[in-house]
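When a residue number appears, it is its place in the shown sequence, counting from 1. Only this structure's heavy atoms are used, side chains among them; waters, hydrogens and symmetry mates stay out.
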Amino acid sequence: MSDTCRERIVTIDGPAGVGKSTISRRVSTSLSFTYLDTGAMYRAVGLKLKEAGVDLADAGAVRDCLDAISLKLLPARAGNDDVGVLLDGRDVSQEIRSPEMSMIASTVSALPAVREKLTLMQQEIGMAGQIVAEGRDTGTVVFPGAAWKFYLDAAPRIRMQRRAEQLRSQGKLVNEDELLTMIVKRDHDDQSRSIAPLCKAVDAVVIDTGLLSIDEVTEALLSRIQ
Ligand code: DC
C-alpha cells in the first residue's frame, strides 16, 4: 500500500455497542471520506444464508450461496441512521439491525468462506481510498497498512445501556439482562474465533468511550488524523 493510500484509510474497530457507528459516521463526514460499515455486510450475508437455509457446516454450500450474492451498501438516509444494504436488489436495511441478526452475523462471520469473500469486497472498496472502515478486523486484517487505526472499548454494561437506549428510541421493548448476556456472548465469540478475531492492532490508538461523550471521542480521533 502506497503512503498516499495509507493516509486515506482510517480504521475503527471494537466490540459491539461501543459507539463505533456514530463515531465513524461523524469522522467520515468531517473528513469527507466514505463510511464503510463492514458489520452491515456480515449482517446481510447472515440474512442471506439464513433465508437460503444453508447448512453452515457445509463449506461448499456456503461458498455456492455467496457466489450468487449481490450486496450493495446504501448511504444512510438521515445523519444518525445506519447505512442501508441492498441484498440481491432488496432493501434489507431495517431487517439486518435486529438483535437476532446481530447474533447470526457473529456466527457466520466465523466461517472462512464468508470472511474471504467480504474481506476481498472491502479491500476493493478501499482501493479508491478515502474511507473510514468500521468493524472488528479492519485495522488488523482488511487494511493492515492504514495510517490511522483506532480501537474503541468500553465496559459491557455501559455498552448494553447505550444499545438499550438506541433500541428504545426505535420504539422497541428491551430486556436489559438478555441484552447484556447477548453482548457478552458476542464479545466472546468475536474474540475467540480462529480467523480474524476481534483484537486491537498493535499500532492502533485505544480509546475508552465509556468515560467520554461522542463529541469528545470524535475530537480525539480527528485531532490525531489532522
Ligand atoms: O458491527 P456489527 O455489530 O454490525 O457487526 C455484526 C457482527 O459481524 C459482529 O458481531 C461480528 C461480525 N463482524 C466481523 O466479524 N468483522 C467485521 N469487520 C465486522 C463485523
Side-chain angles (χ1 to χ4, degrees), residues 9-25 27-28 33-52 54 56 59 61-77 81-144 146 149-152 186-187 189-191 193 195-199 201:
I9 295 185
V10 178
T11 64
I12 303 181
D13 291 309
V18 79
K20 294 190 302 292
S21 302
T22 309
I23 305 297
S24 302
R25 263 196 309 264
V27 170
S28 60
F33 279 20
T34 303
Y35 165 39
L36 173 60
D37 178 356
T38 63
M41 299 169 86
Y42 284 95
R43 286 169 183 269
V45 163
L47 182 61
K48 168 96 184 178
L49 292 167
K50 177 183 162 227
E51 288 183 340
V54 173
L56 300 184
V62 171
R63 270 179 216 282
D64 288 347
C65 180
L66 294 187
D67 279 347
I69 199 171
S70 154
L71 202 59
K72 286 207 177 75
L73 293 181
L74 306 170
R77 264 177 274 175
D81 283 358
D82 288 312
V83 298
V85 179
L86 269 190
L87 173 65
D88 299 329
R90 182 176 121 226
D91 188 343
V92 295
S93 311
Q94 300 293 320
E95 250 172 297
I96 59 167
R97 298 293 170 184
S98 67
E100 186 206 357
M101 282 314 306
S102 303
M103 300 311 282
I104 292 177
S106 178
T107 303
V108 302
S109 74
L111 303 173
V114 171
R115 292 220 81 82
E116 275 162 33
K117 171 95 184 176
L118 292 188
T119 300
L120 267 178
M121 281 177 80
Q122 291 155 15
Q123 287 170 336
E124 271 164 23
I125 296 170
M127 295 251 261
Q130 300 215 298
I131 62 160
V132 174
E134 178 222 316
R136 303 290 187 288
D137 64 339
T138 62
T140 49
V141 174
V142 187
F143 302 113
K149 296 186 188 179
F150 299 93
Y151 186 90
L152 307 185
R186 197 140 70 97
D187 282 358
D189 293 349
D190 290 347
Q191 284 162 348
R193 65 171 174 242
I195 320 167
L198 165 66
C199 66

Visitor: Which distance, rounded to the nearest 0.5 Å, do you find between the CD1 of Ile96 and the CG of Leu87?
Guide: 9.0 Å
Visitor: If we only count heavy atoms from C-beta on, is the Tyr151 to Pro15 side-chain gap below 4.5 Å?
Guide: yes
Visitor: For the side chain of Thr119 and the backbone of Glu116, is there at least one donor-acceptor N/O pair under 3.5 Å apart?
Guide: no
Visitor: Report yes or no: does Lys117 contribute a side-chain atom to a donor-acceptor pair with the main-chain N or O of Leu66 at less than 3.5 Å?
Guide: yes
Visitor: Looking at CG of Leu36 and CD of Gln122, how far apart are the two atoms once the value is rounded to the nearest 0.5 Å?
Guide: 5.5 Å
Visitor: Atom OG1 in Thr11, atom CD in Glu134: separation rounded to 0.5 Å?
Guide: 11.0 Å
Visitor: Can you give me the closest heavy-atom contact between Ala40 and Val83, atom names plus distance?
Guide: CB-CG2, 4.1 Å
Visitor: If you take all heavy atoms of Arg193 and Ala110, which pair is closest and at what distance?
Guide: CD-CA, 3.9 Å
Visitor: Could you walk me through whether Arg43 and Asp82 pass side-chain contact (heavy atoms from CB on, under 4.5 Å), step by step?
Guide: CA-CA 12 Å; Arg43 286 169 183 269; Asp82 288 312; over 6 Å; no
Visitor: Calculate, to the nearest 0.5 Å, the distance between atoms CG and CZ belonging to Leu111 and Arg63 respectively.
Guide: 10.0 Å
Visitor: Taking Leu198's backbone N and O only, do any of them form a donor-acceptor pair with Asp190's side chain (distance below 3.5 Å, no angle check)?
Guide: no
Visitor: Any donor and acceptor pair, going by atom type alone, linking the side chain of Lys20 with main-chain N or O of Leu152 inside 3.5 Å?
Guide: no
Visitor: For the residue pair Ile125 and Thr34, establish whether any side-chain heavy-atom pair is separated by less than 4.5 Å.
Guide: no
Visitor: Got a donor-acceptor contact below 3.5 angstrom from the Lys72 side chain to the Gly89 backbone?
Guide: no
Visitor: Looking at Asp88 and Ser70, would you say the former's side chain and the latter's main chain have a donor-acceptor pair under 3.5 Å?
Guide: yes
Visitor: Kindly indicate whether the side chain of Ile131, heavy atoms from C-beta on, has any atom under 4.5 Å from the side chain of Phe143.
Guide: yes
Visitor: Between Leu73 and Met41, is any pair of side-chain heavy atoms under 4.5 Å apart?
Guide: yes
Visitor: Would you name the heavy atoms of Leu71 and Ala44 that are closest together and state the gap between them?
Guide: CD1-CB, 3.4 Å
Visitor: Could you grab the distance from atom CD of Gln123 to atom CG of Leu118, nearest 0.5 Å is fine?
Guide: 11.0 Å
Visitor: For Arg25 and Thr22: C-alpha separation, side-chain torsions, deciding distance, then whether side-chain contact (heavy atoms from CB on, under 4.5 Å) applies.
Guide: CA-CA 5 Å; Arg25 263 196 309 264; Thr22 309; 3.7 Å; yes
Visitor: Can you see which heavy atom on Val141 is nearest to which on Ala196, and at what distance?
Guide: CG2-CB, 3.8 Å
Visitor: Might you point out which heavy atoms bring Asp187 and Ala16 nearest each other, and give the distance in Å?
Guide: OD1-N, 4.1 Å
Visitor: Show, in sequence, the C-alpha distance, side-chain angles and deciding distance for Leu49 and Val114, and conclude whether the side-chain contact (heavy atoms from CB on, under 4.5 Å) test is met.
Guide: CA-CA 10 Å; Leu49 292 167; Val114 171; 4.1 Å; yes
Visitor: How many angstroms lie between OG1 in Thr107 and CZ in Arg186, if you round to the nearest 0.5 Å?
Guide: 10.0 Å
Visitor: Measure from the side-chain N and O atoms of Ser106 to the backbone N and O of Met103, and report whether any donor-acceptor pair falls under 3.5 Å.
Guide: no
Visitor: Looking at every non-hydrogen atom in both residues, tell me the closest pair between Gly84 and Ser93 and how far apart they are.
Guide: CA-OG, 3.1 Å
Visitor: So, do Val142 and Thr38 sit near enough that their side-chain heavy atoms are less than 4.5 Å apart?
Guide: no
Visitor: Please tell me if the side chains of Ile12 and Thr138 come closer than 4.5 Å, counting only heavy atoms from C-beta onward.
Guide: no
Visitor: Would you call Glu95 and Lys50 a salt bridge, using N to O less than 4.0 angstrom?
Guide: no
Visitor: Starting from the C-alpha separation in whole Å, work towards a yes-or-no answer on side-chain contact (heavy atoms from CB on, under 4.5 Å) for Arg115 and Asp137.
Guide: CA-CA 10 Å; Arg115 292 220 81 82; Asp137 64 339; 3.0 Å; yes
Visitor: Is there side-chain contact between Tyr35 and Pro75, with at least one heavy-atom pair below 4.5 Å?
Guide: no
